[in-house]
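Notes to accompany the following structure.
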Number of protein chains: 2
Amino acid sequence: MRRISMYLCTMNSIHLAIIEDDKIVRDSLLAYFILKEDIASVTTFHSMEAFTEDMKEHIAHKPHIILLDIQLPGMTGIDGIPIIKNILPDSEIIMLTTFEDSDKIFSALCAGACSYLSKQSSLSLIYECVITVKNGGSYMSPSIARKITRFFSKENSVSSPLTKRQTDIVHGLVDGLSYKMVAARLDISIDTVRTHIMQIYRTLNINCKGELIRWAIENRV
Amino acid sequence: MRRISMYLCTMNSIHLAIIEDDKIVRDSLLAYFILKEDIASVTTFHSMEAFTEDMKEHIAHKPHIILLDIQLPGMTGIDGIPIIKNILPDSEIIMLTTFEDSDKIFSALCAGACSYLSKQSSLSLIYECVITVKNGGSYMSPSIARKITRFFSKENSVSSPLTKRQTDIVHGLVDGLSYKMVAARLDISIDTVRTHIMQIYRTLNINCKGELIRWAIENRV
DNA sequence: TTTTAACTCACATCAAAATGTGATTGCGGT
DNA sequence: ACCGCAATCACATTTTGATGTGAGTTAAAA
């Protein structure tokens, strides 16, 4: 662990922590950030373990923002997020990593990271991101942001294999209705509802209402 | 509708469309973008209707990127997204609006917008966004991006009101198991499963398995 | 120590869902 | 004209789910 502080804390002084195993990257980030006026201190760690140990000792010294790598010796950065959030609930976590798999991105965001930067990013862009986060915002590298918007987009959701009427019935079930209520809503016989549902089960290869509701929600039908 | 073209198309020449009802904003965007070298043409519209009408006539002239306002006379920008995507499946849509409600953001992204900019953004930032999108990326204003990451974060999901065992049972049901199968998985009596489920229903104020599964999925329990 | 909450199990009853078999109607395409 | 598919309805059976009532155990909290 290495801590360098500029003791001329201004209004917006930021205490920064960097958890990164690559010494070259770590040192270049340190050298860059320590010269910035609104960065009050920079503390670097080579692993999650080193970070948590230091936090136990110097709990008073709370970083505002943490730059976190994913690939680390020992615990991964993603597994480290809940631990950081636990000991520092008010700190913001910026992922800084070479990984751009959707899996890792969503895992990190779900765990509580607020930004996700490619390691390709320039130092000045990383700095911009830190400032953005300090101001309550969030920044994603363009390619990362694209994966996130694609997640929301319906384009990647395959077209439903169900017919119009089958979809009507599924909507009823998702709304918590019984067969009888679905029949009433669609103004058809309960036996018709049964027939449709049997056909739906065959089409989707499932065998109970629960799985159907799950399928419908997860596929946004 | 007003179309201005620079007929010195370079490799990365971008055809831009702007759908924006405020004439001042529209014209300032037009004036700004038309001077940019890599913007081959800029076409402006005051409404979705004007846009679709023009597309019917000049279907050959396909914009690559569309800057889209939400508040428009007639059809809203959000309702317009699927229409644009329908006639121009390969165009990218950048929302440019004053609205920062989570609802509108997620509606737009779900409908297929790839970026979402605050109207507060500077012209140069909007330009940066256009270039980013042209390069296959995506950009969000910091405050927008923050709302999106907050959506993923578990922090805003309230702590489960269910006990450990109740959660085990819910997981079983979400996995599509029957009471009997849940009992087998947890190695308890089916009557115990029943008792737990009744208690869960009381706690969550629901009254059937379907609603429980939906609750579990939507609350990521 | 008493009490509370979580977890466990049993018995009983009625409603709902799953599964099967069979049939009619109407529309769009060969 | 014929075929297939979507949609409709009926009847029957078995399994599963929903609801109630009652009660024992354990571990932690008051």
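Values reported hereafter were calculated over all heavy atoms of this structure, with side chains retained and with hydrogens, waters and symmetry mates removed. Protein chains get the first letters and strands the later ones, always in sequence-line order, with residue 1 at the start of each.
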Inset, instruction - Check side chain to side chain donor-acceptor pair (under 3.5 Å) between A/Thr76 and all other residues, then give those that pass, not counting sequence neighbours. - result: A/Asp79
Inset, instruction - Could I get the full list of salt bridge (Lys or Arg N to Asp or Glu O under 4.0 Å) partners for A/Asp22, not counting sequence neighbours? - result: none
Below 3.5 Å between N/O atoms, which protein atoms pair up with nucleotides 4-14 of chain C? Just atom names and distances, please.
| unit_1 | atom_1 | unit_2 | atom_2 | d |
| --- | --- | --- | --- | --- |
| C/dC7 | OP1 | B/Arg165 | N | 3.0 |
| C/dC7 | OP2 | B/Thr163 | OG1 | 2.2 |
| C/dT8 | OP1 | B/Arg165 | NE | 2.9 |
| C/dT8 | OP1 | B/Arg165 | NH2 | 2.9 |
| C/dT8 | OP2 | B/Arg165 | NE | 3.0 |
| C/dT8 | OP2 | B/His196 | NE2 | 2.8 |
| C/dC9 | OP2 | B/Ser189 | N | 2.6 |
| C/dC9 | OP2 | B/Thr192 | OG1 | 2.9 |
| C/dC9 | O5' | B/Thr192 | OG1 | 3.4 |
| C/dC9 | N4 | B/Thr195 | OG1 | 2.9 |
| C/dA10 | OP2 | B/Ser189 | OG | 3.4 |
| C/dC11 | N4 | B/Asp191 | OD1 | 3.1 |

Legend entry - Residues which pass side-chain contact (heavy atoms from CB on, under 4.5 Å) with B/Glu53, listed by chain and number, not counting sequence neighbours: B/Glu57
Legend entry - Ionic contact status for A/Asp69 with A/Lys119, cut-off 4.0 Å: yes
Legend entry - Which residues share a side-chain contact (heavy atoms from CB on, under 4.5 Å) with A/Asp175, sequence neighbours left out: A/Leu177, A/Arg185, B/Arg214
Inset, instruction - Can you tell me the distance, in whole Å, between the CG atom of A/Leu177 and the C1' atom of D/dG17? - result: 17 Å
Inset, instruction - Would you mind reading off the distance between B/Leu173 atom CG and D/dT16 atom P, rounded to a whole angstrom? - result: 14 Å
Legend entry - Contact under 4.0 Å: B/Lys180 side-chain N or O vs D/dT16 OP1/OP2: yes
Inset, instruction - Send over the distance from A/Ile197 CD1 to D/dA6 P, rounded to a whole Å. - result: 17 Å
Inset, instruction - For DNA chain C, determine which residues of residues 202-209 of chain A have any heavy atom closer than 4.0 angstrom to one of its atoms, and list them numerically. - result: A/Asn207, A/Cys208, A/Lys209
Inset, instruction - Please find out if less than 6.0 Å separates the ring center of B/Phe152 from that of A/Tyr116. - result: no
Please tabulate, for side-chain N and O atoms in residues 188-202 of chain B, each donor-acceptor pair with protein atoms closer than 3.5 Å (sequence neighbours left out).
| unit_1 | atom_1 | unit_2 | atom_2 | d |
| --- | --- | --- | --- | --- |
| B/Ser189 | OG | B/Asp191 | N | 2.9 |
| B/Thr195 | OG1 | B/Asp191 | O | 2.8 |
| B/Tyr201 | OH | B/Lys209 | N | 2.9 |

Show me the donor-acceptor pairs, under 3.5 Å and distance only, between side chains in residues 93-115 of chain B and residues at least two apart or in other chains.
| unit_1 | atom_1 | unit_2 | atom_2 | d |
| --- | --- | --- | --- | --- |
| B/Thr97 | OG1 | B/Phe99 | N | 3.1 |
| B/Glu100 | OE1 | B/Ser143 | OG | 2.8 |
| B/Glu100 | OE2 | B/Ser118 | OG | 3.4 |
| B/Ser107 | OG | B/Asp103 | O | 2.8 |
| B/Ser115 | OG | B/Ser138 | OG | 3.3 |
| B/Ser115 | OG | B/Tyr139 | N | 3.0 |
| B/Ser115 | OG | B/Tyr139 | O | 3.2 |

Inset, instruction - Would you please name every residue forming a side-chain contact (heavy atoms from CB on, under 4.5 Å) with A/Asn207, sequence neighbours left out? - result: A/Glu211
Inset, instruction - For residues 135-147 of chain A, pull every pair meeting salt bridge (Lys or Arg N to Asp or Glu O under 4.0 Å), keeping only residues two or more places apart or in separate chains. - result: A/Arg146-B/Glu92
Using the 3.5 Å cut-off, write out each protein N or O paired with an N or O of nucleotides 28-30 of chain C and the distance between them.
none

Inset, instruction - Grab the OH-P distance between B/Tyr201 and D/dG20 for me, whole Å please. - result: 13 Å
Inset, instruction - Return the value, rounded to whole Å, for the distance between atom CG of A/Leu162 and atom P of D/dC5. - result: 16 Å
Inset, instruction - For B/Lys164, check salt bridge (Lys or Arg N to Asp or Glu O under 4.0 Å) against everything at least two apart and list the hits. - result: B/Asp168
